[in-house]
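Below is one structure; the comments refer to it alone.
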Amino acid sequence: MYSTIFHWLSQLSAWHEQTQLSQAVQVHDWIVPTAQSIHILGIAAVAASALMINLRLIGLYAADQPLKEVLARFLPFIWWPLIVLLLTGIVMIAGEPPRSLKNPVFQLKMVLLIAAIVATAICKVALRRNAAFGDARADRRVGAATLAGVSMLLWVSIVFAGRWIAYYY
Amino acid sequence: MDFDRFLNWLQGTPVAVAIRENELLFPWIESFHVLTIVLVVGTILIVDLRLIGVASRNRAVTVLMRDVLPCTWTAFLVAAITGSLLFSSNAPKYTHNFYFQAKMALLVLTGCNMVIFHLIGTREIAHWGAAARTPVAAKVAGGISLLAWIAVVACGRWIGFTLH
């Protein structure tokens, strides 16, 4: 299955290289750093929001505020920037398509991203099913704390993978 | 001239040489630098958006700052250490790079903005800190911080494209 995906990515890369977007990005040398700057600002919004939610699950942030309110404040700052990250990410791939789509670190980053999105969604679903989720006493908060740890590890790995895409090819 | 000698000395220290010559050291330190900068900027934006009056409006400014700013300072400490290490590996080149100079100037600006806000802007905070609406001085401080940190990120990225 992996070889099929790889073949498909190769074809996608070859096509992508020919597009006008790709050619424009490669001609104008301000486009890639601009896209990267916006990309990093988007990641700043996502990573800080995830940090606040996860610290709340552990009980280190806004322990006096219901988890529902914390999620209402920070989840939009995870979901909406993801669209910006997708768009700027496409521009960055357009800069050097063969390197990025087939880059194993890029592929790892996408897998980690899906896992982080799932972990974030689990938090929301868990609260809907159990209104006391995240508000239990510290000694009964094991599930929420585990989810927080896994989520934070995933987001940190995503940031690291993002930087290593530039070095591993 | 003495400053140039200092930069050359710094570049020749064993730590700087190791970071410059080892293939893995630079990207690893850079990864921690990016991670902590992202957290510094992201957490400061949470406070800035509250000061401007557009987010976390149901949370008192003082409470929000007490909860968020320890994260910001911890991340800033690591960003400063990792940034200094990266700087040392090519000290003269970074010093003469326009975007590096701009980044340092912007950091000074954010520092001054923060000090002025804490000295003057928070004088009456007992009166307005809990309200959703914030006074003009708070909006200005939050706005300056927001724009300056966005520019810090952009300058940081441009250093990487103009250094060599």
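The model shown is predicted, which means the values in this text are computed figures rather than measured ones. These values consider heavy atoms only, across backbone and side chains, with no hydrogens, waters or symmetry-generated copies. Labels below follow one simple rule: chain letters A, B, ... track the order of the sequence lines, proteins then strands, and each chain is numbered from 1.
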[atom1] ([X]) with more than 12 external heavy atoms under 6.0 Å:
X        : atom1 : answer
Tyr94(B) : OH    : yes
Glu23(B) : CD    : no
Lys68(A) : NZ    : no

What's the verdict on side-chain contact (heavy atoms from CB on, under 4.5 Å) for Met52(A) and Asp67(B), showing C-alpha distance, side-chain angles and the deciding distance? CA-CA 9 Å; Met52(A) 293 305 132; Asp67(B) 282 345; over 6 Å; no
Going through the distances and angles, do Phe161(B) and Asp29(A) end up as a side-chain contact (heavy atoms from CB on, under 4.5 Å)? CA-CA 9 Å; Phe161(B) 284 85; Asp29(A) 54 11; over 6 Å; no
Spacing of [atom1] belonging to [X] relative to [atom2] belonging to [Y], to within rounding of 0.5 Å:
X        : Y        : atom1 : atom2 : result
Phe77(A) : Leu49(B) : CZ    : CG    : 5.5 Å
Arg50(B) : Arg73(A) : CZ    : CZ    : 10.0 Å
Glu69(A) : Ser56(B) : CD    : OG    : 10.5 Å

Sort out for me which of Ser49(A), Gly162(A), Ala62(A), Ala63(A) touches chain B most, counting heavy-atom pairs under 4.5 Å.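 Most heavy-atom pairs within the cutoff with chain B belong to Ala62(A).
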Are Asp64(A) and Arg59(B) close enough for a salt bridge, meaning some N to O gap below 4.0 Å?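 A salt bridge links Asp64(A) with Arg59(B).
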State yes or no: do [X] and [Y] share one hydrophobic cluster built from I, L, V, M, F, W and Y residues joined by side-chain heavy-atom distances below 4.5 Å, directly or via other members?
X         : Y        : answer
Leu25(B)  : Val17(B) : no
Leu82(A)  : Val38(B) : yes
Ile158(A) : Trp79(A) : yes
Met114(B) : Leu69(B) : yes
Ile150(B) : Val84(A) : no

Scan side-chain atoms only and decide if Arg163(A) and Ser31(B) contain a donor-acceptor pair under the 3.5 Å cut-off.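 Short answer, no.
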For Tyr167(A) and Glu30(B), does a side-chain donor sit closer than 3.5 Å to a side-chain acceptor?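 Distance-only check passes for Tyr167(A) and Glu30(B).
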Could you tell me which portion of Ile37(B) (side chain, backbone, both or neither) has an atom closer than 4.5 angstrom to a non-hydrogen atom of chain A?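 Neither; nothing under 4.5 Å.
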Name the region of Cys155(B), side chain, backbone, both or neither, that has any atom closer than 4.5 Å to a heavy atom of chain A.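 Contact with chain A is absent: no heavy atom of Cys155(B) under 4.5 Å.
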Check whether the ring centres of Trp164(A) and Trp28(B) lie less than 6.0 Å apart, and answer yes or no.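 Ring centroids of Trp164(A) and Trp28(B) are less than 6.0 Å from each other.
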Are any non-hydrogen side-chain atoms of Thr162(B) and Pro33(A) less than 4.5 angstrom apart?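 Thr162(B) vs Pro33(A): side chains apart.
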Are any of the side-chain heavy atoms of Val34(B) and Phe160(A) separated by less than 4.5 Å?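 Contact flag for Val34(B)/Phe160(A) side chains = no.
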Quick one: which residues of residues 34-43 of chain A reach chain B at under 4.5 angstrom, heavy atoms only?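 So far as heavy atoms go, Thr34(A), Gln36(A), Ser37(A), Ile40(A), Leu41(A), Ile43(A) are the residues that approach chain B to under 4.5 Å.
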Interface residue of largest heavy-atom contact number with chain A, from Val41(B), Thr72(B), Val40(B), Val153(B), under 4.5 Å: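 Sorted descending by pairs with chain A, the first entry is Val153(B).
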In terms of heavy-atom pairs under 4.5 Å, which option from Leu45(B), Asn58(B), Leu64(B), Val63(B) contacts chain A the most?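 Most heavy-atom pairs within the cutoff with chain A belong to Asn58(B).
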Considering all heavy atoms of both residues, which atom of Thr43(B) and which atom of Ala48(A) are nearest to each other, and what is their separation?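 Heavy atoms of Thr43(B) and Ala48(A) come nearest at N-CB, 3.6 Å.
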